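Remember, it's a predicted structure, so these values are computed and weren't measured experimentally.
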Amino acid sequence: MVLQRGVDPNRVYLIGYSAGGDGVYQLAPRLADRFAAATMCAGHPNDASAEPLRNLPFFLYMGGDDAAYNRNKVVRDFSNRLDALQATDPTGYFHRLTVYPVYSTTWRAAKRK
C-alpha cells in the first residue's frame with residue numbers, strides 16, 4: 001500500500017485481536033521500524049521479545065476474565081517486562097496496558113448467539 005497507493009509509511013498501524021493479537025506480539029518486535037504503533041487485543045505473546053519495541057508505541061488490551069491460555073496473566077507479565085525496560089531507558093518503550101475488569105455486555109451478548 002505504501003508503494004502502490006502512496007500511504008504515508010509513518011501512519012501504518014499494526015492491530016490484532018485474539019489470534020491476530022498473537023500475530024501482533026510476533027510481528028511488532030520483528031518489524032518495529034515499519035509501524036507507527038502496535039495494538040494487541042486478547043492475544044498471547046508465546047516467546048515474543050519486548051526488547052525490540054524501544055521506539056514502537058505498544059498498546060495492550062485484555063479482558064480481566066479472559067483466562068484462556070492465561071492471557072489475562074501473561075499480558076501483565078509482558079507489560080511488566082516493558083515497564084522494566086522503560087525504567088532503564090525512560091525515553092523508550094512507551095506502552096499502555098488496559099485490562100478490563102470483565103467482558104463487556106456486548107461481548108457477552110455476542111458470545112451467547
Side-chain angles (χ1 to χ4, degrees):
M1 296 300 291
V2 172
L3 294 175
Q4 295 177 348
R5 302 279 177 126
V7 171
D8 181 349
N10 295 314
R11 293 181 181 201
V12 176
Y13 299 87
L14 178 64
I15 302 169
Y17 175 78
S18 194
D22 297 359
V24 169
Y25 274 124
Q26 297 302 313
L27 287 174
R30 291 176 172 90
L31 301 169
D33 61 332
R34 302 286 177 102
F35 300 107
T39 300
M40 184 293 306
C41 306
H44 193 289
N46 296 303
D47 62 351
S49 173
E51 289 182 26
L53 299 174
R54 183 192 187 282
N55 296 313
L56 182 69
F58 200 81
F59 301 89
L60 305 110
Y61 294 93
M62 187 69 63
D65 290 343
D66 190 354
Y69 309 103
N70 292 316
R71 290 187 294 215
N72 56 351
K73 294 177 184 169
V74 297
V75 72
R76 288 181 174 95
D77 295 339
F78 196 84
S79 182
N80 289 340
R81 283 192 268 163
L82 288 167
D83 288 341
L85 289 165
Q86 190 175 44
T88 62
D89 185 356
T91 63
Y93 299 101
F94 177 82
H95 64 286
R96 180 177 16 198
L97 169 63
T98 303
V99 177
Y100 296 97
V102 294
Y103 291 119
S104 71
T105 305
T106 305
W107 175 257
R108 284 186 180 154
K111 198 172 179 181
R112 279 188 235 129
K113 291 183 181 183

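Residue Y17 is not grouped with residue L60 when hydrophobic side chains (ILVMFWY) are merged at heavy-atom distances under 4.5 angstrom, including chains of intermediate members. A continuous path of ILVMFWY side-chain contacts below 4.5 Å connects V12 to L31, so both sit in one hydrophobic cluster.
Counting only heavy atoms from C-beta outward, the side chains of F78 and L82 approach each other to under 4.5 Å. When side chains are defined from C-beta on, M40 counts as touching V75, because their heavy atoms get closer than 4.5 Å.
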Contacts under 3.5 angstrom, residues 20-27 side chains, donor-acceptor by atom type, not counting sequence neighbours:
| unit_1 | atom_1 | unit_2 | atom_2 | d |
| --- | --- | --- | --- | --- |
| D22 | OD1 | H44 | N | 2.5 |
| Q26 | OE1 | R30 | NH1 | 2.9 |
| Q26 | NE2 | P45 | O | 2.9 |

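Other members of a hydrophobic cluster containing I15 are absent, since no ILVMFWY side chain comes under 4.5 Å of it, directly or through relayed contacts.
Partners of T98 according to the side-chain contact (heavy atoms from CB on, under 4.5 Å) rule, which considers only residues two or more places apart in sequence or in another chain, are Y61, R96, Y100. In this view, D8 and R11 satisfy the salt bridge (charged side-chain N to carboxylate O under 4.0 Å, His left out) rule, not counting sequence neighbours. Considering only residues two or more places apart in sequence or on other chains, P52 meets the side-chain contact (heavy atoms from CB on, under 4.5 Å) condition with P29, S49. Residues forming a side-chain contact (heavy atoms from CB on, under 4.5 Å) with A37 (at least two apart in sequence, or on another chain): Y13, P57, F59. Listed by chain and residue number, R54 satisfy the salt bridge (charged side-chain N to carboxylate O under 4.0 Å, His left out) test with D89 (two or more places apart in sequence, or in another chain). Partners of D83 under the side-chain hydrogen bond (donor to acceptor under 3.5 Å, both in side chains) rule, at least two apart in sequence or in another chain, are H95.
If you take CZ on F35 and CG on L14, they are separated by 4.5 Å, rounding to the nearest 0.5 Å. Here OG of S18 is found 5.0 Å from CZ of R71. Values are rounded to the nearest 0.5 Å. From Y93, atom OH reaches atom CG of N55 across 8.0 Å, with rounding to the nearest 0.5 Å.
Considering all non-hydrogen atoms of both residues, A36 and N10 come closest at CB-O, 3.2 Å. Across D66 and A42, no two heavy atoms sit closer than the pair OD2-CB, 3.8 Å. Closest heavy-atom contact between L56 and A32: CD1-O, 3.8 Å.
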